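A short write-up of the structure that comes next.
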Amino acid sequence: MADPSSYRPKPGQIPDSPGVYRFRDEHRRVIYVGKAKSLRQRLANYFQDLAGLHPRTRTMVTTAASVEWTVVSTEVEALQLEYSWIKEYDPRFNVKYRDDKSYPYLAVTMNERFPRVQVMRGQKRKGVRYFGPYGHAWAIRDTVDLLLRVFPVRTCSAGVFKNAERTGRPCLLGYIGKCSAPCVERISAEDHRELAEEFCDFMAGRTGTYIRRLERQMTDAAEEMEYERAARLRDDIDALKKAMEKNAVVLADATDADLMAVAEDELEAAVQIFHVRGGRVRGQRGWVTDKVEAVTTGDLVEHALQQLYGEETGDSVPKEVLVPALPDPVEPVQEWLTTRRGSNVSLRIPQRGDKKALMETVQRNALQALGLHKTKRASDLTTRSRALEEIAEALDLDSAPLRIECYDISHLQGDDVVASMVVFEDGLQRKSEYRRFQIKGFAGQDDVRSMHEVITRRFKRYLAEKEKTGEWADGENTLTEEDGRPKRFAYPPQLVVVDGGQPQVAAAQKALDELGIDDIAVCGLAKRLEEVWLPGDDDPVVLPRTSEGLYLLQRVRDEAHRFAINYQRTKRAKRFRASPLDDVPGLGETRKQALIKHFGSVKKLRSATIEQICEVPGIGRKTAEVIAVALAEATPAAPAVNTATGEIMEDEEEAAPETTAGSAQEPVSAGSSNERRGQEP
């Protein structure tokens, strides 16, 4: 590990001008490339106290052994040179997007004498028109099959074409009218090229011209009583419209734009791009990247733009690029895009209307792509095994922690304090083992005391089950109920993970010590810097950011956080829906609804006599007396207030009990509210 001060440039040596810099390691390999408006100011940030650097940046500067720079005239030149060097050197600490698949394109080889329509993947070639990318190759073939009725362009390979030229017989498509057969000179090279140009125009979104032309030809043929020709033209029009329907109109103003969305967490980011041409989504692609360096969303957008348009020119760069966040500064990036296109390019964040709505769809795709990527990684047995081994090594455990339990505390400003327990076995979720807790020992907000209470309650149950049944006896599993299901707290974990730092870890360890449990390891994962804390240690354990062990600990922590928030939201919503009738013994939901329907509100029911309550179908005198007593003892709720006008709505007070306070502040959660919940002890 190098000391950055050993290669720090001397004061005044770094120029105060735009440029691109490169960090190299001891083997002279480029490990990071960056650009700056002022090289002096930017590089000075890397040579400050290591404790003040972001962990990822700290790792980079201690891995490097030298730094060098190149001065350029403008920020745009710096952007172009940075992209070139990243492509050339492939630095390990730069953001590098990787396609989650090799996307197929619909390509027209305009660089050949007889242009050919085909599916292409990989590097783009000069002189070839590309449309897409598409999600699947069959989607391209379906579209081409429809369009060949109207634009019978060559689709055969060079070998088939030459064989047809030699024999003087076209292929099957030539016989059925889906190829104009230039191989046997049924059409001249010039006319075939014009046909290919029309095919490209249609795919580029200029569809109205061709449909209107065919409709005129169909009308003329019908007037001249050429009904067979009119029928063929009708079928051609239907084929074009069917091909257009495969790409629904999403922007009514026939916009040409690319929409980019980013979904990210602490370690990874997923980028999704929708290519809209002529108001229709013509293609979609996505990338996933490891966040090796400390980057903002704007930085991720800038790197994605470089990768997306670094090799593109002309119409391949759209007039408008919509992004979730703008690079800082945005002007050089916008000028660079304008240079690539040859005309003005607008780079902005959509604020309203159809474009904002479509951006939300792109964002959902990005979130799904990131989730799918994580699921694929988590499902890999080798990866899970390596993750458990890395955790065991980092925490100095005797063996890999095959069962991990994670605990998290959730509340809303001290109200409805709850906790969650999630279980991972062999690196995978065991949702049937999830548990949730209400904090009962005290009121108010104290995460440390809450953690101590939860750990104490969970492992008291474990000790009680262990004392009552024993772990194993006479070869028979006594950790299960009579019906074969496992007892709720009979299985101990090898590792307890808490969401938090030193205080939460100390509280969890104290709870285990008080119970006399010394064979269960405890650690905490602090969210801010993803540091792993151990009991009694003043310094955290810092796992490599590419570590599968850290990735697994993060998944466990995030799942506990999601599960706790969902439970907290459920309790809060239940509290808002609470009614004095809930405390009346023997009064079910049907009769409660009948009472509310009869009287209109709980307030009017409270003022009713026992005789009036008896008038409600299904309510006898004894039940009416119980209801009257319960309502008299209950504290009336505060009057409802219209937050827009300040008006006290007395008539609506305590109306239907299912009314919820939708204006309450909610904690953020990435999980769905209908997730299967565990049992509450």
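These figures come from a predicted structure and were not determined experimentally.
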With sequence neighbours left out, write down each residue that passes side chain to side chain donor-acceptor pair (under 3.5 Å) with [X], or none if nothing qualifies.
X: Q118; result: none
X: E360; result: K356
X: S17; result: none
X: T219; result: none

Do any pairs count as a salt bridge (Lys or Arg N to Asp or Glu O under 4.0 Å) and have a residue in [range], sequence neighbours left out, and if so which ones?
range: residues 175-184; answer: D145-K178
range: residues 108-119; answer: E112-R154
range: residues 64-76; answer: R22-E68, R24-E68, R28-E68

Please list, chain by chain and in numerical order, all residues satisfying ring pair (Phe, Tyr, Trp, His ring centres under 6.0 Å) with F274, sequence neighbours excluded.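 F274 satisfies ring pair (Phe, Tyr, Trp, His ring centres under 6.0 Å) with no residue once adjacent residues are dropped.
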Contacts of [X] that satisfy salt bridge (Lys or Arg N to Asp or Glu O under 4.0 Å) - sequence neighbours left out:
X: E302; answer: K35
X: D220; answer: none
X: R348; answer: E320

I'd like to know if the side chain of [X] pairs up with that of [Y] as donor and acceptor (distance under 3.5 Å, no hydrogens or angles considered).
X: R341; Y: S343; result: yes
X: Q306; Y: E82; result: yes
X: T63; Y: D25; result: no

Under 3.5 Å, side chain of T339 to main-chain N/O of E335, donor-acceptor pair present?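 Indeed, once roles are kept as given, a pair shorter than 3.5 Å links the two residues.
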Of all residues at least two apart in sequence or in a different chain, which pass the side chain to side chain contact (heavy atoms under 4.5 Å, CB included) check with A36?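 Only Y21, L39, R42 meet the side chain to side chain contact (heavy atoms under 4.5 Å, CB included) criterion with A36.
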